[in-house]
Structure formats: C-alpha cells, structure tokens
Amino acid sequence: MTTHAPQAAQAVTLPTTLDEAVAALAAMPAAVPVAGGTDLMAAVNSGQLRPAALVGLGRISEIRGWQYQDGHALLGAGLTHARMGRPDFAALIPALAAAARAAGPPHIRNAGTLGGNIASAAPTGDALPVLAALEATLIIAGPGGARREIPVSHLLAGMDMLRAGELIGYVRVPLLHAPQVFLKATGRTGPGRAVASVALVLDPARRGVRCAVGAIAPMPLRPLEAEHWVAQLIDWDNNRAIVPEALNAFGEYVAAACIPDPAPAEDGSVQQLPPAVLHLRRTVAALARRALGRALS
C-alpha cells in the first residue's frame, strides 16, 4: 500500500533465467530490475523514481541459493536476508548471517536480497562492510551470456560500475573457517538503520585481520594500517592471544583512521571535532574493540 499514486510501469517482464533477465534489460534500456523491492518501493513512494518498465527477478531460481566452489561460497544475488540468517548459512559465513539478521524487521528480511543490498549501495547496508572485510568478488552477468568479475569494493567505490544490460548474478566469498563478527549501533533499540557498523574477520592462514566500518561514509572503510598493526600483536600460535591494552588501542586506531581529526588551519590552530562526531568516533572505537575481542575469544 502507498499513499502516493505513482505512474504504473508500462511493462513487467518476469524472466526465469539470469540470461533472460539480461536480455530483457538490453531490450528495454529504461527498465528497472526488481527483486525484493524494498529500496525500489521506497524510491517510488517518495516520488524519486517512476520506472517505465520492470524486470522482476523473483522467478530466477539459479540465483536464490548458494554452492561451494574452490574454497569459496558462490552466493546467488537473489538470496534473501531471512535465508542468510538461518543456522546452516551462519555456519558457513557467520558475519554475513549476523548482518542479515540485523537488516530490519521480518518483512524487510523476507523480501530484501543480497544483490539488492549491493546494487542500491546505501551507506547503511548491513551486508556491505561484511563483504568488504571478506574481500568478496561480484560475478556480473551481461548480454550474450557474458560474465565478468569485479571486487565488491570497486563497485561500491564507483571504480567499476554496472554497464547497460548488466546484472549482479553471484557473489563469491572466500571460506576462511575462522571467527567472524558483525556488530552495529542504531539510534534506537531493536532492528534499525545503522549509525555505525563494524565487520571483522580473522584470516589465520595469512595471520591477518580484516576490518570494515560501515554507515559512517558513502562506502565501507578499511583501516588497513590498523589491521596490519594489530595482526602483528596477536600470538597466532598460542590460541590467538592478545593483551587487553591492544584491544583498546585497536578500537581507537580504527576510529581515528575512519574519522580523523581536522587538518590544522593556516594559522596552526587545531579545531575540535563537533560533539556528535566525537560520539560517533567513540561508537566506532567501541564496536571495533568488541568485534576483535569476540573474534579472538
């Protein structure tokens, strides 16, 4: 139901395969692909979008599940948050499952999809920092059965955009078989839009820590220096032990990297961050500290 009266789409196409969907988009350049429709309907109801045609993706069964492939999980873009939140998926990619469970109320989780979260690229998208920390790769379907791969971070940063007639088909995620954590802070209790979020994964094979901070910038931020610094302090051969002081320092390091102090003015004076920004930085520091603590515990 909507209180607005948006112009009806001129055509609705319901393909059953990924290539059929790509062909429909190529034949109708003004068409808008729709899966769960959570972001689309918000744009329509607010008057920001009046689609001339729709290509529905809900009947494409091949992108609604996942499979194993060379040490990776190949996730269909049509996976819903509700499906990713189930225990069998949580055993596979715990941080992504946690993000899916935090994505919103049940009706949003039942409809919203992984591919839609990526394509809309909303800064508060819960899956985005997890995919950034996991260094996931997108498999893009194009006309004529073409497939190409791009890092998810490239799409989110605008370094490589979807071309005309292309769709996100799959997301390839490495299976690290190590602790992963997703935490977020909201402005109210219960599911809600993130004020800040942190995804953290351990990579014991490479003795590395990967962290991404979401919601505070247009795309997830990777504090690479903080990752490298804390990885050197972890005793990987002794139950991944670390001194408590390093946890606190890591949180502060991440927060300062993502929300830095203002540059000095021409006269050499240093301005202070506004109280609201300082509070956000403290929130990021707490989330990063807790995420690393839980991953190492």
ask   = When you measure from the side chain of Glu20 to the backbone N and O of Pro15, does any donor-acceptor pair fall under 3.5 Å?
value = no
query = Looking at CG of Leu96 and CZ of Arg101, how far apart are the two atoms once the value is rounded to the nearest 0.5 Å?
reply = 10.0 Å
Any Asp261 side-chain heavy atom under 4.5 Å of Arg281 side chain = yes
query = Once you round to the nearest 0.5 Å, how far does CZ of Arg83 lie from OG1 of Thr113?
reply = 15.0 Å
Gap between atom CD of Gln67 and atom CG of Leu75 - 0.5 Å precision = 9.5 Å
key: Leu134 side chain reached by Leu176 side chain, heavy atoms, under 4.5 Å   = yes
key: Between CD on residue Glu252 and CZ on residue Arg282, distance to nearest 0.5 Å   = 9.5 Å
key: Shortest non-hydrogen contact between Gly169 and Leu18, atoms and distance   = CA-CD2, 3.8 Å
task = Count the heavy atoms of every other residue, nucleotide or ligand shown that sit under 6.0 Å from CZ of Arg172, and state whether that count exceeds 12.
result = yes
Any donor-acceptor N/O pair, Arg222 side chain to Cys211 backbone, under 3.5 Å = yes
request  = Return the minimal non-hydrogen interatomic distance between Thr17 and Glu62, and the atom names on each side.
outcome  = CA-OE2, 3.4 Å
Side chain to side chain contact (heavy atoms under 4.5 Å, CB included) between Asn248 and Arg289, worked out = CA-CA 6 Å; Asn248 293 327; Arg289 180 182 69 247; 2.8 Å; yes
Any pair counted as ring-ring contact (aromatic ring centres under 6.0 Å, His included), so long as it reaches residues 216-235, sequence neighbours left out = Trp229-Tyr253
note = With sequence neighbours left out, the residues meeting side chain to side chain contact (heavy atoms under 4.5 Å, CB included) with Ala121 are Leu156
query = So His72 and Thr137, side chain to side chain contact (heavy atoms under 4.5 Å, CB included) or not? Walk me through it.
reply = CA-CA 10 Å; His72 292 71; Thr137 301; over 6 Å; no
query = Glu166: what forms a side chain to side chain contact (heavy atoms under 4.5 Å, CB included) with it, not counting sequence neighbours?
reply = Ile140, Arg148, Leu162, Arg163
key: From Leu79 atom CG to Ile63 atom CD1, the distance as rounded to the nearest 0.5 Å   = 9.0 Å
inquiry  = Please check if the number of heavy atoms outside Gln272 that lie under 6.0 Å from its CD is greater than 12.
reply    = no
task = Would you indicate whether the side-chain heavy atoms of Asp126 and Thr124 approach each other to under 4.5 Å?
result = no
task = Taking the side chain as every heavy atom from C-beta outward, state whether Met159 and Pro151 have any atom pair closer than 4.5 Å.
result = no
request  = Looking only at non-hydrogen atoms, find the nearest pair between Leu200 and Ala295 and report the distance.
outcome  = CD2-CB, 3.7 Å
ILVMFWY network linking Ile108 to Leu57, side-chain heavy atoms under 4.5 angstrom = no
ask   = Is it the case that more than 12 heavy atoms not belonging to Glu225 sit under 6.0 Å from its CD atom?
value = no
message = If you compare all heavy atoms of Ala141 against all heavy atoms of Val22, which two are closest, and at what distance to 0.1 Å?
response = O-CG2, 3.7 Å
message = Whether the side chain of Arg109 engages the backbone of Gly104 through a donor-acceptor N/O pair (distance < 3.5 Å, no angle test) should be reported.
response = yes
query = Any donor-acceptor pair under 3.5 Å linking the side chain of Arg210 with the backbone of Ala132?
reply = no
inquiry  = Are Phe250 and Val201 linked, directly or through intermediate hydrophobic residues, by side-chain heavy-atom contacts shorter than 4.5 Å (ILVMFWY only)?
reply    = no
ask   = Side chains of Val171 and Val152: closer than 4.5 Å at any heavy-atom pair?
value = no
ILVMFWY cluster, Leu278 and Leu287 together (side-chain gap under 4.5 Å) = yes
key: Check against side chain to side chain contact (heavy atoms under 4.5 Å, CB included), Leu233 and Val243   = CA-CA 8 Å; Leu233 300 180; Val243 296; over 6 Å; no
message = If you count every heavy atom of other residues, nucleotides or ligands that lies below 6.0 Å from Arg59 atom CZ, does the total exceed 12?
response = no
ask   = Taking a hydrophobic cluster as the set of Ile, Leu, Val, Met, Phe, Trp and Tyr residues connected by side-chain heavy atoms closer than 4.5 Å, whether directly or through intermediates, do Leu25 and Tyr170 fall within one such cluster?
value = yes
request  = Give a yes or no on whether the backbone of Ala231 and the side-chain of Trp236 come within a donor-acceptor separation of less than 3.5 Å.
outcome  = yes
query = According to a 4.5 Å side-chain heavy-atom criterion applied to Ile, Leu, Val, Met, Phe, Trp and Tyr, with indirect links allowed, do Ile168 and Ile139 form part of one hydrophobic cluster?
reply = no
query = Ser197 and Pro129: which non-hydrogen atoms are nearest, and at how many Å?
reply = OG-CG, 3.6 Å
query = Is Asp237 close to Arg207 at the side-chain level, that is, under 4.5 Å between some pair of heavy atoms?
reply = yes
task = Side-chain contact test, heavy atoms from C-beta onward, threshold under 4.5 Å: evaluate it for Val209 versus Leu202 and give yes or no.
result = yes
query = Take atom CG in Asn239; do more than 12 heavy atoms of anything else shown fall under 6.0 Å from it?
reply = no
ask   = Under the 3.5 angstrom rule, does the side chain of Lys184 hit a backbone N or O of Ala102 as a donor-acceptor pair?
value = yes
key: 4.5 Å side-chain heavy-atom contact, Val230 and Ile242   = yes
key: Heavy-atom closest pair, residues Ala136 and Val173   = CB-CG2, 4.0 Å
query = Hey, is CZ on Arg206 packed in by over 12 heavy atoms from elsewhere, all under 6.0 Å?
reply = no
query = How far does CD1 of Ile259 sit from OG1 of Thr283, to the nearest 0.5 angstrom?
reply = 8.0 Å
